[in-house]
Amino acid sequence: MKLQDTLSNQEKELETTPKVRIYLCGVTVYDESHIGHARTIIVFDVLRKYLESKNIEVNFIQNFTDVDDKIINRAKLENVSAEQISTKYIEHYFSDFDGLNVKRATNYPKATEHIQDILDFIQKLIEKEIAYVSKNGVYFSVSKFPEYGKLSKKHIDELQSGARIEVDEAKKDPLDFAVWKFSDIEPTWDSPWGKGRPGWHIECSAMSIKYLGGNFDIHGGGRDLIFPHHENEIAQSESFTENQFAKIWMHVGMVTISGEKMSKSLGNIKSIKYVLENWGPNIIRLFCLSGHYSKPIDYSEELLKENLIKWRQVETAYYELVHAIGANSSENVPEMAQKSSKDFDDALEDDFNTHLALSAFFTLVKETNRLAAENHLGEIESKTIMPELQRMLDILGLNIPKVLPEQKQDIDKMIQDRETLRKEKQFSEADKIRDNLNEMNVELIDHKGKTIWMKKEQIKADL
RNA sequence: GGUACUCUGGCAGAACGGUUAUGCGUGGGCCUGCAAAGCCUAUACAAGGGGGUUCGACUCCCUCGGGUACCUCCA
């Protein structure tokens, strides 16, 4: 698989043996997660599921930043401890992302549980004279890392000229950043240099190296993390290991609303809770995968609606396959299915182009529905197509709503009753049954010979 | 101001130096008791402006312009 690497600005081949090691910068747990977080995490979820579908072992680490000024401020505001805040939002995180059908990472390390690793890391930087102790904390000395700026393509001199006049004269250089902040405000930990808490960037360096070793395969996150977060991580980590940090830097574009980034100040944040309630996981996933991961996508209800229509086609195809009541086809169905499947993989192999992969997926959906409409979707066709369709559904993390066996019996009974009424031309009674089923999100499809049903995902949003 | 990304048909969105992208939408049709769903078919002058390279450019180069992000915390 080729992936665009932010650092070299080139496509690089992902090495998949013996396994793939991925570190994804997760969220700071001080508030609800939003659709922007969802996008980044869904992109990596699909990447991971795809690799695993190829029997590649993936060690997927995603951190929680659970010590941070924003958490502390929030705690103060709500008059609770910082830990209560972070615990609460970690719980919310999992309920959101389980709801989005995101597979749990191999591990979710937290900064607060790795203080000793962080202290060891800092100690070594001090010993190497790359970090220094000052009045307010321990700082990383940017001038000791000549390649500083290589990820974000910034020039140090320009940064300095543009930098604001630093209030903190304890720093030797305005660009230097804290790896340890002295503080008496809880949470704090003792350190050889003074009581305090870790700086933001150090946790990711310490934890990624701890869990994945130096020189792991993919380091990812949102584009907005390139500077300063990832730039600083590189500086710390490569100073520490004297080796290349991550092989590929993969950055996911922002989700915008009316062309603008979501932000608190603009008040245009769409929480995952909100979109999940209104649209459900499948449509959100389709939306998040609808563009190339590196580019921004613009959130709008219209686009979600478009994805809903596409999703209905998927549901239809799936249930046509389940029932497969047609005669056999004279077409080369296996070839068609294999082509879609191959196009799907090819698209993902080429810089993880999910949009093209979705095109291939929808081609299979469309062909299935065409065969059904032409009454040529029989059992043989179904057995050929279903595994391919299911494979793609699994990789994309899409779930067809299923019904329980006992519900199924009820549905079949209702369809039979309706059939009888229709034969007796009691159409208004027959339509009542259809309406009742509709309320259960069960839609009937009247084919020439036989009526089949499909279970539809419930959508709350106004259409 | 600096850096990066970006500008494709009503909307979304790819690929590619020369071939219909695709989807949604829209028009028409098939199916149906009527619907719904699905299918078929038609529909687009597409390429921010201007130059250049080329037999040929949306695709390469230059230039001008627009947008977004980052340069402080941010997925």
Side-chain angles (χ1 to χ4, degrees), chain A residues 6 9 24-28 30-31 33-44 62 65 68-70 73 149 151-155 157-164 175 177 200 220-229 231 251-256 259-264 286-287 290-292 294-298 300 302-303 305-310 312-313 315-317 319-320 347 350 353-360 362-363 365-375 377 421-423 425-428 430-431 434-435 438 443-448 451-454 456:
Chain A
T6 309
N9 209 16
L24 176 65
C25 282
V27 297
T28 302
Y30 76 105
D31 206 345
S33 300
H34 55 67
I35 183 94
H37 302 117
R39 183 191 189 191
T40 301
I41 285 158
I42 286 169
V43 163
F44 275 85
Q62 183 186 325
T65 298
D68 175 89
D69 290 355
K70 287 193 292 292
N73 291 339
L151 180 72
S152 57
K153 316 282 184 278
K154 294 189 186 303
H155 304 289
D157 44 341
E158 278 162 5
L159 274 175
Q160 280 170 326
S161 62
R164 302 170 184 189
L175 286 179
F177 55 90
W200 174 34
R223 278 208 102 78
D224 52 352
L225 294 184
I226 294 173
F227 191 90
H229 185 55
E231 192 71 58
H251 289 105
V252 179
M254 298 292 101
V255 177
T256 58
E260 284 172 314
K261 184 178 166 181
M262 284 191 286
S263 77
K264 288 260 160 65
L286 285 175
F287 166 73
S290 66
H292 191 267
S294 66
K295 292 187 182 178
I297 48 172
D298 202 51
S300 73
E302 278 75 34
L303 279 181
K305 204 163 155 183
E306 188 174 320
N307 282 298
L308 169 62
I309 289 162
K310 292 180 181 184
R312 292 298 187 221
Q313 295 172 1
E315 289 173 324
T316 304
Y319 278 101
E320 291 286 5
D350 186 8
N353 192 331
T354 51
H355 183 270
L356 268 188
L358 284 175
S359 291
F362 285 121
T363 300
V365 166
K366 193 100 182 164
E367 289 289 291
T368 302
N369 286 333
R370 183 180 59 82
L371 287 168
E374 291 171 357
N375 197 29
L377 191 72
L421 290 166
R422 287 175 79 201
K423 280 195 183 118
K425 299 218 185 312
Q426 300 189 48
F427 293 121
S428 66
D431 288 352
R434 185 167 66 189
D435 292 343
N438 257 321
E443 181 159 324
L444 299 184
I445 303 171
D446 286 330
H447 280 295
K448 271 198 184 102
T451 298
I452 66 164
W453 55 267
M454 60 186 266
K456 297 196 298 183

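Each chain gets a letter, A, B and so on, in the order the sequences are listed, and its residues count up from 1.
As rounded to the nearest Å, rA14(B) and rA21(B) have C1' atoms that lie 7 Å from one another. Comparing rU59(B) with rU8(B), their P atoms are spaced 13 Å from each other, to the whole Å. When the C1' atom is used for both rA47(B) and rA15(B), the distance is 14 Å, rounded to whole Å. The separation of rG25(B) from rA12(B), taken at their P atoms, amounts to 15 Å, rounded to a whole angstrom. Going from the C1' atom of rG65(B) to that of rG49(B) covers 7 Å, rounded to whole Å. rA42(B) sits 16 Å from rG9(B) when the C1' atoms are compared, rounded to a whole Å. With P as the reference atom, rC62(B) and rC5(B) are 13 Å apart, rounded to whole Å. rG51(B) and rA57(B): their P atoms are spaced 13 Å apart (whole Å).
Side chain of Asp224(A), nearest nucleotide from rG33(B), rA75(B), rA36(B): rA75(B). Between rA35(B), rG33(B), rC24(B), one nucleotide has an atom nearer to the side chain of Asp446(A) than all others, and that is rA35(B). In the set rA37(B), rC70(B), rA75(B), rA37(B) carries the atom at the smallest distance from any side-chain atom of Thr316(A). When distances are taken from the side chain of Pro228(A) to each of rU72(B), rU22(B), rA35(B), the shortest belongs to rU72(B). The nucleotide whose nearest atom lies closest to any side-chain atom of Lys261(A) is, among rG38(B), rA69(B), rA35(B), rA69(B). Among rA75(B), rC70(B), rC34(B), the nucleotide with an atom closest to any side-chain atom of Asp431(A) is rC34(B). Between rC71(B), rA4(B), rA75(B), one nucleotide has an atom nearer to the side chain of Lys154(A) than all others, and that is rC71(B). When distances run from any side-chain atom of His34(A) to the nucleotides rA75(B), rC40(B), rA37(B), the shortest one goes to rA75(B).
In this structure the side chain of Lys448(A) never reaches within 4.5 angstrom of the side chain of Asn375(A), judged on heavy atoms.
Below the 3.5 angstrom threshold, one finds a donor paired with an acceptor across the side chain of Arg434(A) and the base of rA35(B).
Where RNA chain B pairs in unbroken runs of 3 or more (Watson-Crick or G-U, both distances under 3.5 Å), the stems are B:1-7 with B:65-71, B:10-12 with B:22-24, B:25-30 with B:38-43, B:48-52 with B:60-64.
For Glu367(A) and rC39(B), the CD to P distance is 10 Å, given to the nearest whole Å. Per the geometry, CD belonging to Glu315(A) stands 11 Å off C1' belonging to rA37(B), to the nearest Å. What separates CD of Gln313(A) from C1' of rC24(B) is a distance of 9 Å, to the nearest Å. Distance Glu443(A) CD to rU32(B) C1': 14 Å, rounded to the nearest Å.
For the pair Lys310(A) and rC24(B), the criterion of a side-chain N or O lying under 4.0 Å from OP1 or OP2 is not met. Within the 4.0 Å cut-off from OP1 or OP2 of rC5(B), at least one side-chain nitrogen or oxygen of Asn9(A) is found.
In terms of position on RNA chain B, the residue among Val27(A) and Ser359(A) whose nearest nucleotide sits closer to the 5' end is Ser359(A). Each of Ser294(A) and Thr256(A) lies near RNA chain B, and the nucleotide nearest Ser294(A) is the one positioned closer to the 5' end.
Residue contacts for Gly253(A): at a heavy-atom cut-off of 4.0 Å it reaches a base atom on one of the strands shown.
The side chain to side chain donor-acceptor pair (under 3.5 Å) search around Thr6(A) returns His251(A), not counting sequence neighbours.
Without hydrogens or angle criteria, Arg223(A) side chain to Met254(A) main chain gives no donor-acceptor distance under 3.5 Å.
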*Contact state string [nucleotides 6-14 of chain B, B base, S sugar-phosphate only, - no protein heavy atom under 4.0 Å]*: ------SSS
